[in-house]
Amino acid sequence: MVPESNSRKIVHIDMDAFYASVEQRDNPDLKGKPIAVGGGGHRGVTTTASYEARKFGVRSAMPGWQAKQLCPHLIFVTPRFDAYKEVSYQIRSIFKEYTDLIEPLSLDEAFLDVTENKKNIPFGMHVAQEIIQRVKEKTQLTCSAGVSYCKFLAKVASDLKKPNGLSVITPKRAISFLEELPIKDFFGVGKVTAAKMESLEIKTGRDLKKLSKLELAQKFGKSGIHFYDIVRGIDDRPVNPNRIRKSLAVERTLNEDLEELDQITPVLERIVEKFFERLNSANNFGRTISLKLKTSDFRIITRSLSKDYHIREKSEIKQLAIELLEQNINEFEKIRLIGLSASNLEKESQTLQDYQLSFDW
Ligand code: TTP
Ligand code: MG
């Protein structure tokens with residue numbers, strides 16, 4: 001049942017066109033122009049695009065050449081992760097003025113449980129309004145907010161009036177809102193699930209509701225059961241300030257697809273250097289090391305090796321990485337991306353340093 005009273009007040013905050021807005025703020029020449037952050041290299045992929053560029057269809061995770069094709073006067077900007085982290089700290093310190101129940105999902109977004117808040121503001125909507133304003137004052141950047149009684153609806157709501165928007169979904173409105181909601185907008189439904197749902201003629205929440213719990217479980221496993229509840233407005237997941245960071249990773253798209261072991265090994269060794277730097281600076285090492293390879297036909301191969309101790313030596317990390325590569329060399333013809341990650345970490349609490357890092361060199 002959707003709670004009618006005494007319900008929680010959950011706010012989801014998400015910065016607007018985050019990396020691109022930071023770049024436009026810090027470089028007046030970029031203001032009002034279509035820009036993409038990342039994607040400028042030979043084979044780079046964009047991280048995000050300014051709203052001016054989105055009008056042309058430029059999106060996150062788009063190859064640079066494609067973005068340029070859609071928007072010929074697009075300006076490519078190199079990412080400055082330190083600047084984004086700085087803003088992330090600033091907005092989190094604002095959130096802290098309202099509640100300690102903050103669950104960051106990435107640098108630019110977080111859930112806040114403001115049911116009880118430090119300023120005793122009775123309405124979640126008013127907390128969200130204040131936060132939007134404080135973020136603007138402190139960072140000169142805009143964000144959007146969603147307010148509801150659960151995480152799922154707060155998250156979906158924050159997207160409804162982007163940029164610089166605020167949406168509230170009350171318990172009363174929840175059921176009809178969910179029925180109308182297109183499946184692709186269900187938070188947690190990825191492209192693959194959305195396509196599968198589409199093939200089953202499930203286009204909206206209303207269609208999804210027609211399936212029994214058993215049918216959903218059979219077709220979509222555990223997430224099917226989750227969606228059975230979600231579409232009925234049932235989502236009791238708490239805002240968890242200690243969400244576990246399960247892995248630390250570094251990955252790199254290669255300048256060209258590589259085939260031979262003697263070409264790939266030196267690249268992997270350079271990635272080991274970056275990866276080790278990252279683990280070392282977070283002072284957080286894992287018992288498991290995984291190698292991720294993306295093939296030229298975009299297949300992803302992930303292979304892991306585990307020890308019963310935390311692997312802290314760079315030479316050992318390197319040895320394991322190479323071992324993983326050599327063991328799997330026959331599984332692909334050419335690769336376009338290599339990544340390394342550490343899991344079963346010593347410290348599993350989330351800190352800003354723990355975000356996955358894609359880097360260029
Ligand atoms: P998002 O919040 O998904 O996107 P956004 O803030 O750029 O735009 P919106 O207004 O729609 O919220 O992601 C936050 C940042 O994370 C984004 O600015 C860049 C980075 N990012 C990537 O590096 N790769 C990706 O595929 C995505 C989606 C985001
Ligand atoms: Mg955002």
Side-chain angles (χ1 to χ4, degrees), residues 11-27 30 33-41 43-64 66-67 71 74-92 94-95 103-112 128 131-132 135-136 139-146 151 154-167 184-192 194 249-253 292 294 298 300 337 339 352 354-360:
V11 176
H12 178 257
I13 303 279
D14 187 313
M15 302 298 289
D16 300 324
F18 182 44
Y19 295 0
S21 306
V22 174
E23 296 307 328
Q24 288 182 321
R25 178 194 69 178
D26 295 347
N27 180 355
L30 301 175
K33 299 207 177 129
I35 72 164
V37 179
R43 288 149 53 84
V45 171
T46 60
T47 64
T48 192
S50 65
Y51 279 87
E52 294 84 356
R54 290 184 194 195
K55 281 188 208 140
F56 293 84
V58 181
R59 296 280 179 270
S60 291
M62 186 176 264
Q66 192 184 351
C71 179
L74 185 66
I75 302 167
F76 289 97
V77 183
T78 307
R80 293 178 302 135
F81 293 105
D82 287 344
Y84 316 142
K85 276 189 197 163
E86 170 74 30
V87 174
S88 192
Y89 279 118
Q90 286 177 315
I91 62 174
R92 273 185 219 174
I94 294 172
F95 303 161
E103 179 179 328
L105 293 183
S106 67
L107 290 181
D108 91 320
E109 61 176 305
F111 287 114
L112 283 65
I131 290 177
I132 290 174
V135 166
K136 176 83 190 166
T139 68
Q140 285 87 53
L141 297 168
T142 64
C143 62
S144 297
K151 282 162 80 169
K155 166 89 185 169
V156 175
S158 71
D159 245 1
L160 294 176
K161 293 191 186 144
K162 257 185 175 296
N164 198 20
L166 166 65
S167 296
K184 66 171 175 43
D185 295 340
F186 271 69
F187 169 48
V189 171
K191 274 191 192 142
V192 176
V250 157
E251 62 182 43
R252 189 199 169 207
T253 302
K292 172 176 158 186
K294 196 190 278 180
F298 289 85
I300 293 186
L337 174 144
L352 269 182
D354 290 348
Y355 285 101
Q356 173 159 335
L357 181 74
S358 284
F359 63 94
D360 296 317

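Each ligand, and each atom within it, is numbered from 1 in the order the structure gives.
When atom types are taken as modelled, the side chain of Ser144 and the backbone of Asn164 share a donor-acceptor pair closer than 3.5 angstrom.
Side-chain contact of Arg54 with Ser60: a donor-acceptor pair under 3.5 Å is absent, judged by distance alone. Defined by atom type and a distance below 3.5 Å, a donor-acceptor pair is present between the side-chain atoms of Asp16 and Thr142. Side chain to side chain, Tyr84 and Glu23 meet the donor-acceptor criterion of an N or O pair below 3.5 Å.
Between Leu166 and Ile132, the closest heavy-atom pair is CB-CD1, 4.1 Å. Residue Lys33 comes nearest to Ile75 through the heavy atom pair CD-CD1, 3.8 Å, listed as atom of the first residue, atom of the second, then distance.
Protein neighbours of ligand 1 below 4.0 Å, counting non-hydrogen atoms: Asp14, Met15, Asp16, Ala17, Phe18, Tyr19, Thr47, Thr48, Tyr51, Arg54, Ser60, Ala61, Asp108, Lys162.
Take a cut-off of 2.8 Å around the Mg ion (ligand 2): the protein N, O or S atoms inside it are Asp14 OD1, Met15 O, Asp108 OD2.
Ring planes of Phe81 and Tyr19: perpendicular class, angle over 60° (limits at 30 and 60°).
Salt-bridge annotation for Glu103 and Lys151: present, with a side-chain N of the basic residue lying under 4.0 Å from a carboxylate O of the acidic one.
Summarising the geometry, atom NZ belonging to Lys162 is positioned 8.5 Å from atom CE belonging to Met15; distances are rounded to the nearest 0.5 Å.
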